[in-house]
Colleague: 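Before anything else, here's the structure in question.
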Number of protein chains: 4
Amino acid sequence: MDEKYVKQLLEMEGQELKLTEKKVNILVAAIEIFAEKGYSATSTSEIAKRAGVAEGTIFRHYDSKKDLLLGITKPAILKMVVPYFASQMVEEVFKDEITSFDGVLRAFITNRIEFVRKNIPLFKIVLQEIAFHNELQETFQESFLNQILPKISETIYIAQKSGRLKDFSIPTTLRFIMSTVMGFIITRFLIMPEAEWNEKEEIDNMVECIMNGISKNN
Amino acid sequence: MDEKYVKQLLEMEGQELKLTEKKVNILVAAIEIFAEKGYSATSTSEIAKRAGVAEGTIFRHYDSKKDLLLGITKPAILKMVVPYFASQMVEEVFKDEITSFDGVLRAFITNRIEFVRKNIPLFKIVLQEIAFHNELQETFQESFLNQILPKISETIYIAQKSGRLKDFSIPTTLRFIMSTVMGFIITRFLIMPEAEWNEKEEIDNMVECIMNGISKNN
Amino acid sequence: MDEKYVKQLLEMEGQELKLTEKKVNILVAAIEIFAEKGYSATSTSEIAKRAGVAEGTIFRHYDSKKDLLLGITKPAILKMVVPYFASQMVEEVFKDEITSFDGVLRAFITNRIEFVRKNIPLFKIVLQEIAFHNELQETFQESFLNQILPKISETIYIAQKSGRLKDFSIPTTLRFIMSTVMGFIITRFLIMPEAEWNEKEEIDNMVECIMNGISKNN
Amino acid sequence: MDEKYVKQLLEMEGQELKLTEKKVNILVAAIEIFAEKGYSATSTSEIAKRAGVAEGTIFRHYDSKKDLLLGITKPAILKMVVPYFASQMVEEVFKDEITSFDGVLRAFITNRIEFVRKNIPLFKIVLQEIAFHNELQETFQESFLNQILPKISETIYIAQKSGRLKDFSIPTTLRFIMSTVMGFIITRFLIMPEAEWNEKEEIDNMVECIMNGISKNN
DNA sequence: CATGAATGAGAGTTCATTCAT
DNA sequence: TATGAATGAACTCTCATTCAT
């Protein structure tokens, strides 16, 4: 993890992230340890030690330990949730190109896998802490539920109307897709990261499973 | 949560769980607060307060806070993982009755949903803490991976050989099923417990999705 | 350590020591652990455990942990200090028989060595705790300083007047004797109990040293 | 007790003792209270209170209460044991000048008395706690037994060969000397510090006693 | 901007003692 | 007489946070 990585990942829209070397060290250390032991079980002194800064320095950059957590996780949630879906391409494809539905699905899966691969500790932190911090749930709400979900929903709706997908409710269809993808990602990167994985084949299988599961059979 | 509930849930095979009223109170309070705030963020003094006992009383019953966590979660993992699969019925059905494959799946899903419904806080605690405590991972390993998984794997293997299921690898097939079920349970009980749910329909949909996803289309 | 041992050792003049089996166990356990770790560092629950009784049982027999310490150490101090000197024989010998002065000294040394050998833990406890407990200092005061010291002092006084001993002050003479004996006992039983000791020779040497040290040379 | 005193006393060879005012206060308070009530019976909160610092401050300077004890007692043992004997003078005198044997003894006694007079609480702590802490026994072992004892032993050996001292075994001879000196110091400073003492005379008597006790009579 | 000593509240845990059984 | 569950104060130690330098 280097400065550029941290910068592009944690910078939020509309505000530049000022990064001294010390601040990068703090962020990197915090991400590592939060992921290892959980937010609550991590002490600021341990972060300072691993970051190679004085204990007080953390509090020059963040008002509190919680503030540090949010400074890490809020932008991370946005980057995890938004980017792919936000692109115009997706909408187009979902809406219009019958033949490429599974292609789009494959692209989405591949894209999210690559994102998590590069951000495993961050992914783990968000997964763990979103249950306990309202601010994170709200961030998720505001980005995914308010911005992304409507677009996807519309897309699925159209696909259903056009006769390609079964008439499961939209949340159900979406949950089916997301469960399958998240189930793979969590197994792949958190539960059994050491196992040998044939990712290409797994992706193929997921696409096939999902398509068979939610598509109309003719 | 009352005494009987706690007793049957947390009693481990081969050893009786001695339950005084105070001990039940401690367990109930600990389960509630661990689920609300996470293990690390929970203080023993808060548990004692909610349980209506002196703080020292907790340590008469459990050697440490960690020991209390394990006393709650280890038996819970066993009860979550083992019971359903351990029954003979399942094996029989899986192996022999072609037509009832989806029936078995439906029974399994229904059964696990009912279990979680009665044990939401416990389910949440296990989900959160298994990432940080080796003892829990080992308990899961010993029960699910060592005892249950082989049976399921054999069943799937036979179903594949008999031509009913696609030749996805067994872990892949299983992960596909489990992801779908866990995705529903987590959404239903943890993410959106307040929403209106038509569970019967959701179960039907899951069964249909999964069967279409993993079965051979003729 | 058995019942008889404890009984004769801890029974104080004028009051019988009622000893149930449990009480003996408590006393034996307390003596052992107090000696091992010191009074303050010993917990009543540890005593109860080693004694094989319930925690509450100790407090049926002794009002407090301190009371237990005093119940052990006060009679022990008396038995350590009084017995030998209280006998008439000694006084006689000290006063009258010139030639046997060193014989008496040898008898005294031998006698105290045997006493400590049989009561090492007790001796250690008294040595450690007398510094911190006024009651023990008073017990020592009342027995040794008030009862024994005057007799010895008189004896030494007479011996000096009769020309056998140097005119060191009586406390100095006594301190010289006691230092030598205590120095041996502490080295022998507490500092280097595992070493090979030729006790007979050491006693001879002590007697010789002391006699040469405090006697007049003609 | 002031800073300079504490500093020169507790500084160990080869490592400087960094002393802020608070740290000095902690050390002084700890020495006082450990001496008054014993290590185990002393609470860190009491030390903090007397030192005028927050309880947490103690643990910034010492990892644990035990660490504080060792930080006080280990250097104290070295300073108690090593200095006098380490000087060349002693060896020379012991080896060569027959007539000044008693002069050397007097110098040693005087020197150790002065040391203890300036460090009574420290002396008391070491005397009490060395029985219960292996680390202290090892410190004593490494300094006295390994460094000092061989020199003294050699000196006594030579004195015996040259016909001045009796052929008691060397440990016996040494124990005789040390018992007499320690007996005086303990009586003088711990048992009866309030009494009127004619130290010059007591020292003369000790020297006379010891010399008569261990020398050959011609 | 960075430090790290200092804080004091609160953490988990132990303790001597009590008391209903 | 003996028990052992229960207590709550006190214990050692950690923590997030502050602030003078």
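Computation of the quantities below employed the complete heavy-atom set of this structure, encompassing side-chain atoms and omitting hydrogens, waters and symmetry-equivalent molecules. As the structure is a prediction and not an experimental result, all values here were calculated from the model. Every chain is numbered from 1, with letters handed out A, B, ... down the list of sequences.
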Colleague: Rounded to whole Å, how long is the line connecting atom CZ of D/Phe59 with atom C1' of E/dA5?
Modeller: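 Going from D/Phe59 (CZ) to E/dA5 (C1'), I get 16 Å.
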Colleague: In this structure, are over 12 heavy atoms from other groups packed under 6.0 Å from A/Lys66 atom NZ?
Modeller: yes
Colleague: If you find the nucleotide of DNA chain F closest to D/Ser64 and the one closest to A/Ser40, which residue's nucleotide is nearer the 5' end?
Modeller: D/Ser64
Colleague: If I take atom CD1 in residue B/Ile26 and atom C1' in nucleotide E/dT13, what distance separates them, rounded to the nearest angstrom?
Modeller: 14 Å
Colleague: C/Asn25 has an atom CG; how far is it from atom P of F/dT3, in whole Å?
Modeller: 10 Å
Colleague: With a cut-off of under 6.0 Å to the ring centre and 45° to the axis, is C/Lys74 in cation-pi contact with C/Phe140?
Modeller: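 The answer is no, since C/Lys74 fails at least one limit relative to C/Phe140.
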Colleague: Atom NZ of D/Lys65 and atom P of F/dC11: how far apart are they, to the nearest Å?
Modeller: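 My rounded result for the distance is 9 Å.
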Colleague: Kindly say whether D/Tyr39 contributes a backbone atom to a donor-acceptor pair with the side chain of D/Lys65 at under 3.5 angstrom?
Modeller: yes
Colleague: CG of D/Asp63 versus P of F/dC13: gap in Å, rounded?
Modeller: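 Result: 9 Å.
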Colleague: Rounded to the nearest Å, what distance is computed from the CD atom of residue A/Glu21 to the P atom of nucleotide E/dT3?
Modeller: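 Interatomic distance, CD of A/Glu21 to P of E/dT3: 11 Å.
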Colleague: Give none if F/dA16 has no partner; otherwise give the nucleotide forming a Watson-Crick or G-U wobble pair with it, both distances under 3.5 Å.
Modeller: E/dT7
Colleague: Side chain of A/Ser43, heavy atoms from C-beta onward: which of F/dT12, F/dC15, F/dT1 has the nearest atom to it?
Modeller: F/dC15
Colleague: Is any side-chain nitrogen or oxygen of C/His61 closer than 4.0 Å to OP1 or OP2 of F/dA2?
Modeller: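 So the side chain of C/His61 is within the cut-off, an N or O lying under 4.0 Å from OP1 or OP2 of F/dA2.
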Colleague: Looking at D/Lys22, does any N or O in its side chain come under 4.0 Å of the phosphate oxygens OP1/OP2 on E/dT7?
Modeller: yes
Colleague: In whole Å, what is the span from the NZ atom of B/Lys66 to the C1' atom of E/dA11?
Modeller: 17 Å
Colleague: To the nearest Å, give me how far apart OH (A/Tyr62) and P (E/dC1) are.
Modeller: 13 Å
Colleague: Would you indicate which nucleotide in F/dC11, E/dT7, E/dA2 comes nearest to any side-chain atom of A/Thr20?
Modeller: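 Nearest nucleotide to the side chain: E/dA2.
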Colleague: Side chain of B/Thr57 only, please: which of E/dT3, F/dT17, F/dA6 is the nearest?
Modeller: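 The answer is F/dA6.
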Colleague: Between B/Lys124 and B/Phe34, is NZ or CZ placed under 6.0 angstrom from the six-membered ring centre and within 45° of the ring axis?
Modeller: no
Colleague: Taking the side chain of A/Glu55 as heavy atoms from C-beta outward, which of E/dA6, E/dG8, F/dA5 is closest to it?
Modeller: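 That would be E/dA6.
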Colleague: Tell me yes or no: between the side chains of B/Thr44 and B/Glu55, is some donor less than 3.5 Å from an acceptor?
Modeller: yes
Colleague: Taking the nucleotide of DNA chain E with the nearest heavy atom to each, does A/Val53 or D/Arg60 sit closer to the 5' end?
Modeller: A/Val53
